[in-house]
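Beneath this line is the structure, given in structure tokens, with notes to follow.
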Amino acid sequence: MSVPKAISPHRLSSLLRRQKDPNLALQLFQNPNPQLQSTKPFRYSLLSYDIIITKLARAKMFDQMDQILLQMGRETRFVTKEIIFCNVISSYARARLPHKALEMFEQIPSFRCRRTLKSYNAVLDALLKCGEIGKMREFLVGLGNQVNPDVCTFNILINANCKYGCLDDARNVFDTMLSRGVEPNEVTFATLISGFCSNCKLEEALRLKEDMSKVYGVKPNSSVYVSLIKELCRIGEFGLAFGLKDEMEREKVTLGLTVYTTFISALFKVGKKDEAHKILEEMKGSGLKPDTVTYNAMIHGFCMENDLNAAYKVLDQMVKEECKADIITYNIIIGGLCKDGKWSEANDLFEDLPRLGYKPDVVSFRTMFVGLCNCRRFNEAATFLDEMLFKGYIPSSEGRQKIVDGLCQEGDMKLLVKVLSSLGNANSIGVDTWELVISMVCKKESLSNVSEKVDTLLVPNNFLYRPKEGKLY
DNA sequence: AGACAAGGCG
């Protein structure tokens with residue numbers, strides 16, 4: 001019988017890297033030599049810590065990740081690299097855990113690792129991604145004098161202003177960075193141009209694209225083109241959009257998946273399926289395989305035309321190509337089914353999501369709720385509402401309007417009161433909803449009855465209309 | 001090597 005050979009720390013790293021399943025990777029990490037009853041502790045390399053931590057962070061297995069972090073902190077053979085913590089911070093941002101991101105930042109020194117601008121920027125970006133603008137400002141002020149912002153810091157601040165529609169402020173940050181001698185890079189311009197495009201300022205976006213090469217000597221990259229193409233398609237300027245695609249080819253900017261997907265999505269939206277298929281073929285011809293985003297764009301296109309069969313065919317295609325559908329794929333299909341009047345089928349699919357391995361998100365709940373309202377299934381919608389509120393999801397303002405509107409039209413005051421009560425308890429009524437209710441009731445009843453009606457809506461259910469909190473979510 | 005930008009649902 002041959003004696004099993006122990007695997008080396010180096011070999012463990014390469015095995016870990018290849019293991020796609022985070023659970024199996026963790027098992028492997030914790031017990032690299034299951035055949036050997038070794039008494040000596042395994043000498044993990046920094047790289048293997050790096051790989052397993054990054055894998056666990058991406059899989060949002062934070063408890064397990066914390067254990068490994070602690071274990072790494074006890075190692076004395078090497079100095080931990082800051083980039084590992086940056087990755088952890090980004091993962092917390094993706095999981096919408098801003099507190100954990102900040103906590104990680106605080107703990108970096110306890111790993112005998114020096115904090116630099118890198119982790120500082122990672123936190124700044126994490127707070128932005130989580131919508132924690134107040135915390136972001138605090139963080140900036142708190143460490144203001146200790147850091148010298150670099151391009152990346154400025155890029156994050158520009159992005160923050162763009163995300164909140166403050167294009168002038170974004171420009172100001174850009175000017176500040178110039179005046180402080182920090183050279184803008186392609187990310188800076190891509191961020192600004194994307195901001196202009198998504199705020200309907202195409203002219204400025206195009207001008208900046210010209211300036212970036214002429215004035216600043218930075219060549220427009222694929223992201224810049226994608227933003228411009230997307231906006232041009234949105235306003236129906238397909239000719240100009242294709243013109244930019246030609247320009248990319250002339251300028252030898254790589255036509256990546258994102259460019260093709262942008263065109264496919266836009267063409268599907270205006271019903272130009274033939275052209276979309278031409279682009280799809282061209283894309284495949286250049287050796288690119290459609291990914292989840294590409295397929296989702298197609299499924300969305302078919303759903304908008306109520307062609308559920310074609311949409312399901314794309315889903316089959318995804319399975320064949322081993323391209324994993326995600327929650328967005330299913331949100332699109334649920335919306336499509338409702339749009340086609342198939343609310344019951346949509347509801348079955350919604351209920352089935354956990355079994356299929358997907359966790360319904362805000363959009364799933366809101367889509368299903370609006371869908372039920374649009375199909376005028378108000379009883380089902382009211383039941384669904386309680387379920388979603390219980391889970392902590394609040395319907396969109398469109399959804400709230402739809403159900404109140406619908407119940408008023410149906411004259412189902414009893415259910416209306418129940419729905420308002422549920423929304424009230426979730427503290428998510430909003431002025432808009434109240435205005436709607438009152439105007440609806442006014443239309444329905446003679447004026448003398450209105451106050452009485454509003455009273456029955458208010459008193460027995462303990463509604464408190466608090467103007468300060470009557471704000472939209 | 002890797003932080004920051006860019007394509008899909010509401």
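By convention in this document, chain letters (A, B, ...) are assigned in the order of the sequence lines, proteins followed by strands, and residues within each chain are numbered from 1.
Checked against B:dA6, B:dA5, B:dC9, the side chain of A:N331 finds its nearest nucleotide in B:dC9. Looking at the side chain of A:V363, the nearest of the listed nucleotides B:dG2, B:dC9, B:dA6 is B:dC9. Comparing B:dA3, B:dC4, B:dG10 against the side chain of A:H300 picks out B:dG10 as the nearest. Taking the side chain of A:I83 as heavy atoms from C-beta on, and the options B:dC4, B:dG7, B:dG2, the nearest nucleotide is B:dG2. Among B:dA6, B:dC9, B:dA5, the nucleotide with an atom closest to any side-chain atom of A:V226 is B:dA6. The nucleotide whose nearest atom lies closest to any side-chain atom of A:D150 is, among B:dA3, B:dC4, B:dG10, B:dA3. Nearest nucleotide to the A:D50 side chain, out of B:dG2, B:dA3, B:dG10: B:dG2. Listed nucleotides B:dG7, B:dA3, B:dA1 differ in distance to A:T258; the shortest reach to its side chain belongs to B:dG7. When the nucleotides B:dG7, B:dA5, B:dA3 are ranked by their closest atom to the side chain of A:N121, B:dA3 comes out on top. Counting only heavy atoms from C-beta on, A:S223 has its side chain closest to B:dA6 among B:dC9, B:dC4, B:dA6.
Side chain of A:E186 to backbone of A:P220: no donor-acceptor contact under 3.5 angstrom is found. No donor-acceptor distance shorter than 3.5 angstrom exists from the side chain of A:S45 to the backbone of A:H10, with no hydrogens or angles considered.
If you check every strand for non-hydrogen atoms under 4.0 Å, A:T262 touches sugar and phosphate atoms only. Using a 4.0 Å heavy-atom cutoff across all strands shown, A:T153 reaches no nucleic acid atom at all. Among the atoms of the strands shown, base atoms are found under 4.0 Å from some heavy atom of A:T292.
DNA chain B lies under 4.0 Å from at least one heavy atom of each of the following residues of residues 230-250 of chain A: A:K230.
One atom, CG of A:N221, and another, P of B:dA6, lie 11 Å apart when rounded to the nearest Å. Taking atom CE of A:M368 as the reference point, atom P of B:dC9 lies 19 Å away to the nearest angstrom. Rounded to a whole Å, the CG atom of A:L128 is 12 Å from the C1' atom of B:dA5. Computed from coordinates, the A:R94 CZ to B:dG2 C1' distance equals 12 Å when rounded to whole Å. Note: CG (A:N185) to C1' (B:dA6) measures 14 Å, nearest angstrom. We find that CD1 of A:I51 is positioned 13 Å from P of B:dA1, with the value rounded to whole Å. Rounded to an integer number of Å, the gap from A:I89 CD1 to B:dC4 C1' is 14 Å. Between A:F365 atom CZ and B:dC9 atom C1' there is a gap of 15 Å when expressed in whole angstrom units.
Sorted by first and then second residue, the pairs that involve residues 101-128 of chain A and meet salt bridge (Lys or Arg N to Asp or Glu O under 4.0 Å), not counting sequence neighbours, are A:K100-A:E103, A:D125-A:K129. Among pairs with a residue in residues 175-206 of chain A, those fulfilling ring-ring contact (aromatic ring centres under 6.0 Å, His included) read A:F174-A:F189, A:F189-A:Y216, at least two apart in sequence or across chains.
Salt-bridge check for A:K273 with A:E305: passed, with a basic side-chain N closer than 4.0 Å to an acidic carboxylate O. At a threshold of 4.0 Å, the pair A:K313-A:D316 does not count as salt-bridged, since none of the basic side-chain nitrogens sits closer than that to a carboxylate oxygen.
Side-chain nitrogen and oxygen atoms of A:S90 include at least one within less than 4.0 Å of the OP1 or OP2 phosphate oxygen of B:dC4. Distances shown here put every side-chain N or O of A:N155 at or beyond 4.0 Å from the OP1 or OP2 atom of B:dA5. For A:S194, a side-chain nitrogen or oxygen approaches OP1 or OP2 of B:dA6 to under 4.0 Å. Under 4.0 angstrom from either OP1 or OP2 of B:dA5 there lies at least one side-chain N or O belonging to A:K129.
No hydrogens or angles were tested; on distance alone, a donor-acceptor pair under 3.5 Å links the side chain of A:K81 to the base of B:dG2. With hydrogens and angles left out, the side chain of A:T191 and the base of B:dA5 share no donor-acceptor pair within 3.5 Å.
Aromatic ring centres of A:Y312 and A:F302 lie farther apart than the 6.0 Å criterion allows. Between A:F350 and A:Y330, a ring centre-to-centre spacing not shorter than 6.0 Å is recorded.
Ring orientation note: the planes of A:F139 and A:F105 are nearly perpendicular, at an angle over 60° on the 30°/60° scale.
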